[in-house]
Amino acid sequence: MRMGNIWAPLAKAIAATGTDRHVDCLIDLVGADIAHDLVTVTRYSATKTPEFVKHRRFSDEMVRRYLDNYYVFDPFYASWRRERRLGILPLKGLADEEARRGQYIAGFLAQSEICDEVGILLADGGDWCLGIFLDRSTSSFKDSEIALLDERLPVFEALHALDIKARGSDFSRTLAPTGPGASPQQKPTIPTSLWPELSQRERELVQLILAGHPTANIAERLGITIGTVKNHRRRIYEKLDITTERELFLQFFQHRSARCWPTNIPVGEPDPALNLVAVDFTFATDWEEDHMPNFAGRFAGRSAVITGGASGIGLAVAQRIVEEGGRISVWDRDPAQIEQAKTVIPGLHGVAIDVADAAGVEGAAARTIEALGGVDILVTSAAITGPNMTTWAYSTEDWQKVIDININGVFYCNRALVPHMLERNYGRIVNIASIAGKEGNPNASAYSTSKAAVIGLTKSLGKELAKTKVTVNCVTPAAVRTAIFKQMSQEHIDFMLSKIPMARFGEVEEVAALICWIASEECSFTTAAVFDVSGGRATY
């Protein structure tokens with residue numbers, strides 16, 4: 001079974017069984033690796049009219065219309081009444097040609113601006129099933145995505161069966177809130193019977209790991225150093241006879257199943273003996289030890305352009321946006337790097353472009369808008385350092401090259417996409433500057449000047465767009481260890497490290513986490529701002 005990037009929502013879903021958070025966490029788990037624009041949750045009965053449970057990014061008016069009359073045309077509802085069919089059901093597998101011209105698709109879905117839908121139908125007690133429906137507005141679900149949901153279906157079924165058992169037969173699921181919104185974050189609770197060999201301090205650390213916190217965050221929360229966290233982790237793994245975080249999650253999950261799971265779960269057919277221990281957990285890749293928690297569906301329906309996105313901070317941002325449901329176009333001057341990035345992010349859209357070419361940027365914008373159907377987010381990450389030398393030793397050619405890419409390129413990209421964002425009445429621009437633009441680094445005058453100019457451009461453009469729904473902000477990282485270090489002297493690298501109070505370089509995932517928040521709908525009352533991510537170096 002391919003588990004992909006679902007460990008954080010999986011841990012939350014386990015913790016939420018038997019609580020009002022269950023459906024929200026199940027939505028996060030189902031949609032973790034499947035891009036979608038809308039989510040609706042409905043209960044079907046073989047003998048009663050459907051009940052609407054909740055939705056995300058859907059219309060309350062369309063919910064009313066569905067319950068008033070459209071449900072009688074719903075092919076998912078018809079399938080349940082006719083066959084009691086459970087599992088992963090793509091719309092295209094249920095709707096014949098007549099239905100495609102009928103009231104549900106041509107009427108209800110068209111009015112809802114939905115072009116494709118896939119249902120995950122789970123037994124919900126008696127003659128009821130719970131349907132979680134992922135909807136897309138601009139593209140169809142791929143066969144590979146349906147296959148991925150099919151692989152994970154036993155986990156969805158087992159979690160939902162546990163929730164039913166925990167609640168009892170008199171529970172009414174439709175009492176749950178119906179409004180849209182992100183599911184709450186729930187910290188997994190470690191049962192006292194699990195891992196008795198661990199000390200209380202070690203259990204606190206493990207609980208933070210299970211909740212998805214990276215090493216740096218754990219250190220901050222526990223008031224210890226990163227090195228101490230890693231030492232504790234190593235001792236914990238030795239005590240538990242494991243070597244990876246994947247095994248830690250699996251032990252937690254299996255203990256929960258052995259303690260709470262029903263031995264026989266009614267899913268479609270009588271007593272199929274589906275229990276969690278029998279589920280095949282084979283992993284495509286290990287969970288990263290310092291994985292940043294992501295927020296499933298945060299960028300669903302959104303498209304982003306990332307310049308310099310084939311490596312470094314740009315690539316980390318691209319990976320996270322895709323993991324959280326968005327689509328990406330990477331603009332990079334190195335075609336080979338773009339192809340390499342596509343091996344990391346399958347299906348990635350890429351444009352080989354030098355951002356210092358104004359006409360080329362305009363052409364790239366037009367091609368990207370056509371390919372993605374629009375652009376909602378721009379992250380300008382393309383930059384070079386230039387040589388490390390005194391200002392009076394700088395050649396005009398080297399100076400101009402840094403200015404052309406680092407500030408003119410940012411200007412060209414902002415200028416090319418702002419009118420499009422204004423037409424769409426939505427946009428998020430995040431320009432990546434540098435702490436050098438705020439404080440000035442010696443022997444890096446061209447770089448420092450260009451990054452100071454990015455800050456000035458951001459503040460000016462942000463104020464110009466302040467009364468629109470397009471925000472413009474920038475981040476000023478201290479040194480982050482990426483391929484750009486190859487352009488610097490070791491003396492300059494050592495100087496930068498000496499200026500950081502945390503005494504370490506930043507990680508690309510840490511910067512990407514901040515950028516993704518600024519690029520999201522959550523960041524709605526901030527524009528023309530500068531965000532520090534410098535390990536304590538910034539003095540203003």
Below 4.5 Å, heavy atoms only, C-beta onward: do [X] and [Y] meet side chain to side chain?
{"X": "Val430", "Y": "Thr380", "result": "no"}
{"X": "Arg152", "Y": "Leu148", "result": "yes"}
{"X": "Ile384", "Y": "Lys401", "result": "yes"}
{"X": "Leu422", "Y": "Leu465", "result": "yes"}

field: Evaluation steps, side-chain contact (heavy atoms from CB on, under 4.5 Å), between Val533 and Val511
entry: CA-CA 7 Å; Val533 53; Val511 181; 4.3 Å; yes
With a 3.5 Å distance limit and no angle check, can you tell me whether [X] reaches the backbone of [Y] through a side-chain donor-acceptor pair?
{"X": "Thr307", "Y": "Ala382", "value": "yes"}
{"X": "Asn408", "Y": "Ala356", "value": "no"}
{"X": "His349", "Y": "Gly347", "value": "no"}
{"X": "Lys459", "Y": "Asn473", "value": "no"}
{"X": "Ser450", "Y": "Asn406", "value": "no"}
{"X": "Tyr394", "Y": "Pro387", "value": "yes"}
{"X": "Asp135", "Y": "Glu117", "value": "no"}
{"X": "His420", "Y": "Val375", "value": "yes"}
{"X": "Ser460", "Y": "Leu457", "value": "no"}
{"X": "Glu510", "Y": "Glu507", "value": "yes"}

To the closest 0.5 Å, what do you measure between [atom1] ([X]) and [atom2] ([Y])?
{"X": "Asn388", "Y": "Thr385", "atom1": "CG", "atom2": "OG1", "answer": "6.0 Å"}
{"X": "Leu461", "Y": "Asn414", "atom1": "CG", "atom2": "CG", "answer": "5.5 Å"}
{"X": "Leu315", "Y": "Ile328", "atom1": "CG", "atom2": "CD1", "answer": "10.0 Å"}
{"X": "Ser140", "Y": "Asp116", "atom1": "OG", "atom2": "CG", "answer": "4.5 Å"}
{"X": "Gln340", "Y": "Ile345", "atom1": "CD", "atom2": "CD1", "answer": "11.5 Å"}
{"X": "Cys516", "Y": "Gln319", "atom1": "SG", "atom2": "CD", "answer": "10.5 Å"}

query: Run the side-chain contact (heavy atoms from CB on, under 4.5 Å) check on Tyr426 and Val470 step by step: do they pass?
result: CA-CA 5 Å; Tyr426 180 86; Val470 180; over 6 Å; no
For Thr471, all residues meeting side-chain hydrogen bond (donor to acceptor under 3.5 Å, both in side chains), sequence neighbours excluded: none
- prompt: Would Trp331 and Thr368 satisfy side chain to side chain donor-acceptor pair (under 3.5 Å), going step by step from the backbone distance to the final call?
  reply: CA-CA 10 Å; Trp331 295 4; Thr368 302; 3.1 Å; yes
task: Mind running side chain to side chain donor-acceptor pair (under 3.5 Å) on Asn441 and Ser448 for me, showing each step along the way?
output: CA-CA 6 Å; Asn441 281 344; Ser448 300; 5.0 Å; no
Got a salt bridge between [X] and [Y], using NZ or NE/NH1/NH2 to carboxylate O under 4.0 Å?
{"X": "Lys342", "Y": "Glu339", "value": "yes"}
{"X": "Glu522", "Y": "Arg298", "value": "yes"}
{"X": "Arg537", "Y": "Asp532", "value": "no"}
{"X": "Glu145", "Y": "Arg136", "value": "yes"}
{"X": "Arg56", "Y": "Asp24", "value": "yes"}
{"X": "Glu202", "Y": "Arg233", "value": "no"}

field: CG (Asp143) with more than 12 external heavy atoms under 6.0 Å
entry: no
- request: For Thr476 and Phe531, run side-chain contact (heavy atoms from CB on, under 4.5 Å): C-alpha distance rounded to whole Å, both residues' side-chain angles, the deciding distance at 0.1 Å, then the answer.
  value: CA-CA 6 Å; Thr476 56; Phe531 289 83; over 6 Å; no
- line: Given the options Arg424, Arg327, Arg428, Asp376 meets salt bridge (Lys or Arg N to Asp or Glu O under 4.0 Å) only with Arg424
task: For the pair Glu204 and Arg201, evaluate salt bridge (charged side-chain N to carboxylate O under 4.0 Å, His left out) and give the outcome as yes or no after the intermediate values.
output: CA-CA 5 Å; Glu204 290 176 9; Arg201 187 65 158 175; 3.4 Å; yes
message: Run Leu134 and Phe141 through side-chain contact (heavy atoms from CB on, under 4.5 Å) and show every step you take.
response: CA-CA 9 Å; Leu134 305 181; Phe141 289 96; 3.9 Å; yes
- line: Closest heavy-atom pair, Ser534 versus Ile435, reported as atoms and distance to 0.1 Å, is CB-CD1, 4.3 Å
- request: From the options Ile377, Val379, Ile306, select the one residue that forms a side-chain contact (heavy atoms from CB on, under 4.5 Å) with Ile515.
  value: Val379
